[in-house]
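One structure below.
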Amino acid sequence: MEWELLESAGNTSEEFNPGLWEGDINRLIEHMVGTNAKTVNGEILTCLFWRLLGSFSKIAAETEPLDKNEKWLCCFRDLFVFIVPHTNHVFKKHLCNVVAKCKIQTSHFFSEFFTDEGVSAALLIGSLQVFTSLCTRPDESLSFQLFAEFPLILVPLSSDNQDVRTAAMNAIEGLLSLWSRVNLSRSKNGLHAVWVHFLGELLGLMVQQKRLLISDKNVLPSLFSSLLGNSHDSLLVQHNIGKRFEQTTKDDILGFLLDSAPRFSAYGKLKILSLLKGVGDRVLRVNGIESLMLDLLDRRQKCHVGFDKSCHKLSLVEVNILCLLLEMCMKPSSTTVGDLDVLDPILKVLQVSDVSSGDPAVLKPCMTVLGDLSNSYYASLKTETQVFVFRHLVLLFRSTNGDIQKATREALLRINITYSIVSGMLEFICEQKVWSIGSRHEKKRKKGSACNNHDVYIIPGGGNVVAFVGSLLDVLLLKKDMENRASLICPLFKLLQNAFFDSEWIHVAANQGDLHYHASSENSQSIADAAVHIQQELLLILEDITASVTSEDKNSINFDVELLVKCARSASNMVTHNQIFSLLSAISRAKPDQVLDHILEILVVIGESAVTQWDSNFQHIFEDLISTVVPCWLSKTDSADALLQIFVNILPQVSEHRRISMIEHVLRHLGESVSLGSLLYLLFRSLVSRNCSSLSDRSDQSFSYSISLINTQWEYLFSVDLLEKYSCTVWLPSILMFLQRIVVSDSDATLFMELLVAMHFISNKLQDPEIAFKLDSGEDSDNIQLTVGGIMKEIVCHLQLVDSKRKQTGVLSVFRKELKEYMNTLLIAVTKRLTPSVYFKTIIQLLGHVDKCVRRKALGTLSETVKDTGFIGLKHGKRGPDLSLRSLWFDLDENSLQLFDTLCLEILKFVNSESELSSSLKLAAVSTLEVLANRFPSDNSVFSTCLDSVSKSICTDNSALSSSCLRTAGSLINVLGPKALPQLPFVMEGMIRQSRNALSTVTAGTKQTDGDASMVSSIQNDSILMSILLALEAVVDKLGGFLNPYLGDILELLLLKPQYTSTSELKLKLKSDSVRKLITERVPVRLLLSPLLRAYSDAIMCGDSSVSIAFEMIQNLVAAMDRSSVGAYHVSIFDVCLQALDLRRQHPAAVRNVDAVEKNVINTVVALTMRLTEKMFKPLFMRSIEWSESIVEENENAGTKSIDRSIAFYGLVNSLAESQRSLFVPNFKHLLDCCVRHLMDAEGAESALNHKKKKVKLQESSRRKKDTNCGLSIVEVAKVEELLIRVATLSPMPCEVLLKPIVSQLLTDPPAALVQYPNVPSVEEVDDLLVACVGRMAVTAGSDLLWKPLNHEVLMQTRSEKVRSRMLGLRIVKYMVENLKEEYLVLLAETIPFLGELLEDVELSVKSLAQEILKEMESMSGESLRQYL
């Protein structure tokens, strides 16, 4: 410890003065006093070690060759062990001198350092460094010793420590350097002649691999494997390295490396052998190695297996050596292994009798052999040797040690075992020639001379024969890949007979030893249990072999079926029973001809077993046996119905829980696709035959009672439960077959009851969610669709048959109506399950049916289904893409489109039919085409063909068919678009013709007095009128640009016919308006405007509705015109509008509501001006002023202006002021004089009217109404003007001009009979306009220059005798006060005297309003004004 501390502190050195410590004591004392204490301690220890080494050197030089256990040598070795690990350089040179002077082999000195386990790395590295130093000495005798110790260096070279490998590699380099300096001629014929020829080259080769050897410890084993062995595929060394030496040299190298191995420690031996592991069994041929393995095996056998305490047990290292040697044994260099003696070590290792202790010396070698046992090695053995090895493996397969058992299993799976070995072993077992070691039979064999070793099998390690047989059977179950395994069937049947019926064999086999043959049991099995176990394993093996029998083996194999039947009768164990029946099933599948002769016996046995046991396993076995009987039955007679009828007859006696499993298996082997439908038919026929009479005898036959009775019958319940066991892909075709077998007869009422049962059954089964799931998932969807389509077809046909028996009496007449409704509901449910392609295909088939009623029913079903799919699509349209079945109707695939074309062509055949008997069918066909066109819009060419035929049928005399053709034509045109142009003449010709016929019929119908007939005719005509509109709408929408030849007729129809202009039918009116608006949007202006303007004169003759509608169309047309059209046609449109504004003056008899017409005309003008520029607007505006001011000669007052025109004009101006301020305000100045003049005229007319009392009251009332309306229009214009003045801040000049005329209106009295004219504004409205007009004039003026005269004029009106005038004046003042606020204070002085007069007015309303104004003024001025009154 002290030396380690000094060395770590650097207080040790080779610079040591021995004379100082050996001379005068005084000098030593002086040296110690002047030196550091730690340094003195180091010098003392150094001196001590120095003197020790000097003494050992002297002794080594004087002493003769000595034993390595010499006492002083042991002390030197201890000193060596102490110094070398703890010193970097001190004394190492001296240590080398002592070792070199020793008269002992260097191997004796270094062996324990290099080969012992647990030597520290530092000591090992130091020893190697000393060894390397010795290589530099010139001593020739020492050199040969060092060369001989080359194998010793391999142990540290294989170390896990890289530093140790580096030191070892330096030693090898030292040897190589020494080799070049030594004269080897004297040793070529001496003791060293063996390695003289190759050692130098071997050393050089290793030095070349120095970097690899140091970096990876696995390189050294690979180097020797490639160099000395047969393997040249190592990735760590060069591929051609094995060619460096001849084979004899390789053997010499191997011997040189292993000759010294026996002198090594066990750890050293293990290391050397591990390096040479890849050489294989050649290592065992080296002297001493095989004896080493045998010695280890002998010690293992005595100490660990035989528990002999007199010998030493194997250490763990020795166990690893044994395992390593056994591995080499399992890798033979030759292709065959001859003598059994070579395998004796392997067989000894495999002979493990007791592994419960877990001794590694017992288990590990056995595991090694099992792990290295390869198929190539096993195949290279002789047959006899293979038998011995297989026998040991059979025993180990039942080992109680899990690792041994697992390794044995893996070994058995690797090797190929021939059937002859197993067959021979089975023969010996059957003849009781397999005995256990130590049994009495084995002892008798030794005494007798008739038997030799080849006549019997001896179980190694003891144990009874039952255990051995059980293990052998387990191996047979495992080795399913054994070649020609079918040849074992005969010996296995022999053994089976012994196991069942030879009790003596069982007794002898089970009592030969005490070995526990069942791995999961801790106690010995009884004889009966042993027999049962063997029986069951034999049956399993036979079943497995039988299942794997090929067609080539069938001819050479015979199964003892009779033996199996006997075994089944004698066996009492249920598991054994099941296994026998399973084996019979396997035999029946492999060779059914051998079972045919015993079918009855087999059925009897299994029937007896079914009485006492019916579990899932037995059920499976039962089904397997039935699966062989049914094919045999069918091979003799091809009548599945007869076989099914047998089972239907016996089903009531069978327990309910067994019925389905029994019938299900029968159907499986008859084929569900062909037999399930027959079974359903037989079951329901049985149900009807038992209950039909009870239904007929009831006095209160009802549909609900029939259904409830059906639901309780066992046939129906069984059918429902049975179909639950199958997928819908199975039972749907069966239902179709069942429906096809129902043939309705006029005289057989029972079949009608079968139809009732069938519909109810199908209705319930179609609600199965599995159908929807499979259709949504796409699994078997095509087959399901075709089947459901077939069911739909059959239901339609049966529905027609039910309808055809309407007049028949009997029991079914009670149910016919309910049954029909029930079938219709079922039909709808069925159609919802179909994809478009299948549905179209089914409808096409139905359209080809011979019965017209079936065809008509198919068309109706098609229409309803298509409508339903469209409704669902609209209802769920916002839910995103739907991947369900219904979504397929919104995007037809190519196949569906092709079928759709075919369907349309089939329907078209009915449309083109000339037979009068088919009118109803033709009507259904046309209606169906309309539905199809609306539901599947596309420009398909088939629709062109349909339109051609439908358009030619429009002119038929059948009004219902004509109406349907018109609707269908419209739908087809909507679909085809421009592609319908070739059929346009036919469509328009038929439409115009039918419209005239319909309108003439309506006109004539109004003269009829028969209420019912008139109502029916009205309904029919409304239908055809709506159909005309629908067709016309489609034509206009899709072909509007091609309607020029027909525009006159179209406008005549929509503008001049009261059925479309003034109808009370809301739907017809809305559709008419929609079509008229569509015409203005779709027909070009250049085509439509001229006929529309020409229609104005005819519209006047037809009434105000036609005129209003005409201008509505013009207004819509204006809104749709582009800029160029507006520039081209605005003048002509304005001219027509001016003509229409003159209707108030002209008073045509047909136009009753002039105001409504005038409003539409004004709206049209406003709409036109919205599209005009100021440059285009001004001339038109000036023309309108001229028109309103022009003198009308034909007036009753010739030479005067028309007040009617003025009313219409100012109505137009008022609308323009509201909607077109930007255009109207700049042009208002042109209108100012007119406004003043008309206001003054109105005042003059009022005064004149008071003096002309002699005129007629009617004239007076008319004149007063016109004047009032004219004045009212001017007031409205003034109000709009004031609003615009406030916005545009115009000069107040227009207000000054208008002031007196507007204020003068306050004195004008309203007409006395104004209530008689509802279109004239009321007095209150006029008053409100006057107040607002004058008030706004004051507000917008913004200056007291206008306020004072305005205020004065208004106040002067308050002194009028008329209450209305006084009230209007006060209202205007109040308006000014409220809006001018403080600015009105400048007018108080003038206003207060007038208010004082009005506060004393006799009229309460006038006095109250004056008081309110006074309060407002006081509040605004902040003082009381009553003092100024």
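In this structure, K922 contributes its side chain and S913 its backbone to a donor-acceptor pair below 3.5 Å. The closest donor-acceptor contact from the side chain of D948 to the backbone of S944 lies at 3.5 Å or more, if one exists at all. Counting only distance, with no hydrogens or angles, the side chain of S951 and the backbone of Q983 share no donor-acceptor pair below 3.5 Å. Q785 contributes a side-chain N or O that, together with a main-chain N or O of R833, makes up a donor-acceptor pair within less than 3.5 Å. Using modelled atom types, one side-chain atom of S689 and one backbone atom of S686 make a donor-acceptor pair closer than 3.5 Å. Between the side chain of T928 and the main chain of A924, a donor-acceptor pair closer than 3.5 Å is present. Judged by distance alone, the side chain of R855 and the main-chain N or O of H849 form a donor-acceptor pair under 3.5 Å. When atom types are taken as modelled, the side chain of E770 and the backbone of C728 share a donor-acceptor pair closer than 3.5 angstrom. Proximity of a side-chain donor or acceptor of Q713 to a complementary backbone N or O of L709 within less than 3.5 Å is detected. The main-chain N or O of L827 is found under 3.5 Å from a side-chain atom of T831 such that the two form a donor-acceptor pair.
Here the shortest heavy-atom pairing between V1036 and R1082 reads O-CB, 3.2 Å. The shortest non-hydrogen separation linking L739 to M759 is CD2-CE, 3.6 Å. Annotation for S964 and L923: closest pair CB-CD1, 3.6 Å, computed over non-hydrogen atoms.
Here F943 and F900 bring their ring centres to under 6.0 angstrom of each other.
A salt bridge is defined here as a Lys NZ or Arg NE, NH1 or NH2 lying under 4.0 Å from an Asp or Glu carboxylate O, and E724 with K765 meets this definition. Ion pairing of R741 with D641 is present here, as a side-chain N (NZ or NE/NH1/NH2) and a carboxylate O approach within less than 4.0 Å. A salt bridge does not link R685 to E715: none of the charged nitrogens lies less than 4.0 Å from a carboxylate oxygen.
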Worked check of side chain to side chain donor-acceptor pair (under 3.5 Å) between S896 and D893 = CA-CA 5 Å; S896 300; D893 55 18; 2.6 Å; yes

key: Derivation of the side chain to side chain contact (heavy atoms under 4.5 Å, CB included) call for L903 and L862   = CA-CA 10 Å; L903 175 63; L862 175 61; 3.8 Å; yes

ask   = After noting the C-alpha distance and the side-chain angles of D721 and Y716, does the key distance pass the side chain to side chain donor-acceptor pair (under 3.5 Å) rule?
value = CA-CA 9 Å; D721 294 338; Y716 183 85; over 6 Å; no

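With contacts defined as side-chain heavy-atom distances shorter than 4.5 Å, the pair S971/R967 does not qualify.
Cation-pi geometry between K952 and F986 is satisfied (NZ or CZ under 6.0 Å from the ring centre, within 45° of the ring normal).
Within a 6.0 Å sphere centred on CD of Q845, heavy atoms belonging to other residues, nucleotides or ligands number more than 12.
Interatomic distance, F1042 CZ to L981 CG, rounded to the nearest 0.5 Å: 5.0 Å.
The aromatic rings of F684 and F761 stand perpendicular to each other, their planes meeting at an angle above 60°, with 30° marking the opposite boundary.
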